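Since the structure comes first, as structure tokens, the remarks are kept for the end.
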Number of protein chains: 2
Amino acid sequence: MALSPHVPELGALELLLAVARLGSVGRAAAEVGVSQPTASARIKGMERQIGVPLLERSPRGSRPTEAGRLVVEWARQVVEAAQALDAGIDALRERRDAKLRVVASLTVAEYLMPGWLLALAEASPGTAVTLRTANSAEVAGHVLAGDADLGFVEGPTTPPGLAGAVVAADRLVVVVAPGHRWARRRAPLTGTELASTPLVLREPGSGTREVLEMALTPYGGAVPPRMELASSTALKAAAMTGAGPVCLSELAVVEELATRRLVEVPLAEELDLRRPLRAVWPAGQRPGGPARELLGLTRRSSGRPPRRKG
Amino acid sequence: MALSPHVPELGALELLLAVARLGSVGRAAAEVGVSQPTASARIKGMERQIGVPLLERSPRGSRPTEAGRLVVEWARQVVEAAQALDAGIDALRERRDAKLRVVASLTVAEYLMPGWLLALAEASPGTAVTLRTANSAEVAGHVLAGDADLGFVEGPTTPPGLAGAVVAADRLVVVVAPGHRWARRRAPLTGTELASTPLVLREPGSGTREVLEMALTPYGGAVPPRMELASSTALKAAAMTGAGPVCLSELAVVEELATRRLVEVPLAEELDLRRPLRAVWPAGQRPGGPARELLGLTRRSSGRPPRRKG
DNA sequence: AGAGAGCCATAGGTTCAGGCTATGTCCTCA
DNA sequence: TGAGGACATAGCCTGAACCTATGGCTCTCT
């Protein structure tokens with residue numbers, strides 16, 4: 001799926017959003033730091049590229065056309081994702097002046113951190129953050145050693161020597177391609193059924209694998225997997241090509257489920273494949289300053305709309 | 001919030017994703033249609049821009065570094081949003097060869113259509129779709145007149161002469177800035193409280209306004225609004241600057257709630273601010289072909305992860 | 001009615017990012 | 001030891017994008 005040449009560049013989308021917000025090409029130009037004719041030409045270029053007029057120009061300013069309103073709203077989604085990427089990139093640089101050093105498990109760093117960092121950057125501009133990834137044991141080590149101010153781990157318990165708070169919950173899901181037999185299934189999968197089905201999974205030793213095996217122990221344990229792959233991405237790709245039921249973190253497939261490129265198979269209530277995600281810090285040493293602030297952002301916000309149950 | 005100059009362009013992000021997927025710069029170059037040296041230079045440019053090596057190069061190919069894996073995953077979000085934008089843009093052109101003509105209410109077109117169109121494009125490449133927006137009455141008219149093959153409306157009933165199916169539900173929410181007094185509120189707002197609070201709202205006559213007034217009738221009706229604004233965007237901006245409680249469609253603020261730039265105020269169970277979104281077609285004339293396919297994609301998929309209740 | 005201000009479009013000239021081809025280097029495998 | 005695959009470098013070239021200066025339009029205020 002390559003992007004068609006009709007999609008404007010990020011800079012152009014940003015400019016369009018500024019025009020919609022400020023009501024004038026000239027003011028938008030000033031805001032993004034280019035000359036007015038440049039902005040004008042850029043918008044015109046977008047219109048040519050897209051094939052539809054986006055702005056109604058008048059001597060008193062410019063407003064989006066009907067189609068323009070749609071493009072603006074769609075573009076906002078792209079720019080917001082880019083801002084999250086930006087916030088993440090900013091945290092990847094090693095910096096001497098870092099005021100907050102975070103170590104997180106891969107799942108948290110991949111799917112939740114960018115949103116949190118973006119919110120933090122908006123709430124407290126100038127807070128330099130550095131981010132590293134590590135597995136849960138290493139995270140605990142770094143936090144205990146004082147290499148990091150705040151850690152994020154996944155798993156049922158808080159590591160010894162640390163205090164922590166659950167900030168979100170991940171959940172394993174079973175997904176199949178839309179054409180798969182189970183895609184139309186309404187009856188929830190029982191533990192027995194799941195345990196007896198060869199699944200496509202991550203390698204042994206991964207966090208998700210452990211959760212699944214733990215949950216299936218009461219049902220006699222899982223049969224050997226149909227396939228073992230090294231990354232969430234590989235799992236998703238396998239699922240889409242119809243390689244049979246795949247079990248992985250919900251966070252990895254939110255987008256695919258929403259656009260129905262993958263379908264979630266309902267699971268029986270008896271199966272609990274949830275896994276808490278925790279912020280951790282040295283016991284008895286309450287986080288202050290930027291760490292406290294980041295912690296505040298993660299509370300009651302999972303990076304995705306919360307699910308309600310019961 | 002301008003994007004920093006550290007964010008690579010969409011083309012570069014796409015190239016990076018291809019490298020991660022294919023395991024080689026050269027193969028990725030071939031896929032996106034540039035020469036190998038160009039791809040190599042582009043990746044190198046990204047690394048300089050970001051300030052961190054993204055790939056581990058070897059004579060056998062290239063794999064993302066630890067930081068690279070994070071950037072790849074974050075970039076995927078951006079590119080997927082761009083693909084949705086692309087699918088939307090493609091549907092905005094007026095085309096003679098359109099196989100499927102859709103008319104949708106603004107809320108559906110803005111927030112749900114891009115994902116559906118993307119899914120449709122992936123499932124059936126080459127299906128030319130055209131999209132227009134209209135209010136619910138106009139949508140019904142277009143569908144009845146045969147100007148459109150499929151319509152999407154919001155509101156409690158299916159318009160006369162049409163058959164329909166609920167494909168998703170929107171929900172009005174009350175949001176405030178994180179600094180607002182109510183942001184820390186745990187006790188749900190009662191109907192009486194909400195009715196007696198001056199809110200920031202859309203103008204009278206808008207769909208959301210009607211839903212709110214209907215829901216507050218049992219409590220003596222709403223007091224006059226504190227402010228009336230013309231668009232969801234204006235409402236969001238007002239909320240973020242702390243203009244007091246704002247009531248608008250949940251779909252408009254999913255992202256802001258997730259990153260905690262806005263906070264949802266809990267509402268009492270007694271208040272039902274949900275509003276069904278329906279697909280409609282001429283009564284007795286079941287949609288076939290592409291319309292049927294699109295309809296299939298919208299079922300059980302709300303464009304966002306479904307909420308569970310009870 | 002006329003002057004001024006605000007906004008967008010056009011013209012002309014310049015710079016530099018990004019592309020391509022050809023070639024070099026390094027490692028692996030037969 | 002030679003061939004093949006993979007990434008890097010060199011040198012050249014095109015064109016996209018930017019800037020300044022200017023023009024035309026409409027609304028408003030005097």
Side-chain angles (χ1 to χ4, degrees), chain A residues 2-65 67-68 71-72 75, chain B residues 2-65 67-68 71-72 75 79 82:
Chain A
L3 233 40
S4 84
H6 299 304
V7 184
E9 288 301 333
L10 287 173
L13 296 178
E14 225 183 336
L15 177 64
L16 178 65
L17 294 186
V19 174
R21 180 157 37 85
L22 300 173
S24 144
V25 173
R27 276 200 292 277
E31 194 186 68
V32 308
V34 298
S35 71
Q36 172 265 318
T38 297
S40 188
R42 245 188 140 166
I43 298 278
K44 182 163 295 191
M46 276 179 80
E47 290 178 323
R48 195 177 50 245
Q49 205 175 17
I50 294 180
V52 171
L54 298 175
L55 296 182
E56 271 171 16
R57 287 146 237 243
S58 85
R60 288 199 315 280
S62 298
R63 302 183 50 73
T65 60
V71 174
V72 164
Chain B
L3 234 42
S4 84
H6 298 304
V7 184
E9 289 301 334
L10 288 173
L13 296 179
E14 224 183 337
L15 177 64
L16 178 65
L17 294 186
V19 174
R21 181 157 36 86
L22 300 173
S24 144
V25 173
R27 275 199 294 276
E31 193 186 68
V32 308
V34 299
S35 72
Q36 172 265 318
T38 297
S40 188
R42 247 192 136 164
I43 298 279
K44 181 162 295 191
M46 277 179 80
E47 290 178 323
R48 195 178 52 245
Q49 205 176 18
I50 294 180
V52 171
L54 298 175
L55 295 181
E56 272 171 15
R57 287 146 238 245
S58 85
R60 287 199 317 281
S62 297
R63 302 184 50 73
T65 60
V71 174
V72 164
V79 171

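Letters A, B, ... mirror the listed sequences (proteins, then strands); counts begin at 1. Predicted model, so just to flag it, every value in this text is computed and none were measured.
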(Q) Strictly below 4.0 Å: does R57(A) bring a side-chain N or O up to OP1 or OP2 of dA9(C)? (A) yes
Q: Would you indicate, yes or no, if dC20(C) has its OP1 or OP2 atom less than 4.0 angstrom from a side-chain nitrogen or oxygen of S35(B)?
A: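 For dC20(C), OP1/OP2 do have a side-chain N/O of S35(B) under 4.0 Å.
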Which atom names give the shortest non-hydrogen contact between [X] and [Y], and what distance separates them?
X	Y	answer
V72(A)	L17(A)	O-CD2, 3.4 Å
L55(B)	T65(B)	C-CG2, 3.7 Å
A18(B)	V32(B)	CB-CG1, 4.3 Å
A82(B)	V7(A)	O-CG2, 4.2 Å
I50(A)	P8(A)	CD1-CG, 4.3 Å

(Q) Going by the rule side chain to side chain contact (heavy atoms under 4.5 Å, CB included), which residues pair with A39(B) if we only count those two or more places apart in sequence or in a different chain? (A) L15(B), V25(B), A29(B), V34(B)
Q. How would you list, by chain and number, every residue that makes a side chain to side chain contact (heavy atoms under 4.5 Å, CB included) with S58(B), sequence neighbours excluded?
A.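 Expected list: R60(B).
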**Q.** Residues which pass salt bridge (Lys or Arg N to Asp or Glu O under 4.0 Å) with R57(A), listed by chain and number, not counting sequence neighbours
**A.**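 If we apply the salt bridge (Lys or Arg N to Asp or Glu O under 4.0 Å) test to R57(A), skipping adjacent residues, the hits are E47(A).
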(Q) Under the rule for side-chain hydrogen bond (donor to acceptor under 3.5 Å, both in side chains), what residues qualify as partners of S35(B), not counting sequence neighbours? (A) T38(B)
Q: Check side-chain hydrogen bond (donor to acceptor under 3.5 Å, both in side chains) between E31(A) and all other residues, then give those that pass, not counting sequence neighbours.
A: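 Scan of E31(A) (side-chain hydrogen bond (donor to acceptor under 3.5 Å, both in side chains), adjacent residues dropped) gives R21(A).
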Q.
With nearest nucleotide decided by heavy atoms, which residue, S24(B) or G33(A), maps closer to the 5′ end of DNA chain D?
A. S24(B)
Q) Using a cut-off of 4.0 Å on non-hydrogen atoms, how would the nucleic acid contact of T38(B) be classed: base, sugar-phosphate, or nothing? A)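 Base contact.
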Q) From the 5' end of DNA chain D to its 3' end, which nucleotides mark the outer limits of contact with chain B, defined by a 4.0 Å heavy-atom distance cut-off (strictly under)? A) dA6(D) to dT9(D)
Q. Between CG of L54(B) and OG of S62(B), what distance do you get to the nearest 0.5 Å?
A.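 With rounding to 0.5 Å, CG (L54(B)) is 11.0 Å from OG (S62(B)).
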Q: State the CE-CD distance between M46(B) and E9(B), to the nearest 0.5 angstrom.
A: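 Here the interatomic distance stands at 10.5 Å.
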Q. Which residue pairs pass the salt bridge (charged side-chain N to carboxylate O under 4.0 Å, His left out) test with at least one member in residues 32-44 of chain A, sequence neighbours excluded?
A.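 Pairs touching residues 32-44 of chain A that pass the test: none.
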Q.
Protein within reach of the bases, or only the backbone? For nucleotides 22-30 of chain C, mark each nucleotide 5' to 3' as B, S or -, using heavy atoms under 4.0 Å.
A. B----S---
Q) Going by heavy atoms closer than 4.0 Å, what residues in residues 39-56 of chain A are next to DNA chain D? A)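 When residues 39-56 of chain A is checked for heavy atoms under 4.0 Å from DNA chain D, the hits, listed by number, are R42(A).
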Q. So how far off straight is the helix from dA1(C)-dT30(D) to dA30(C)-dT1(D), going by the axes through five pairs at either end, to 10°?
A. 20°
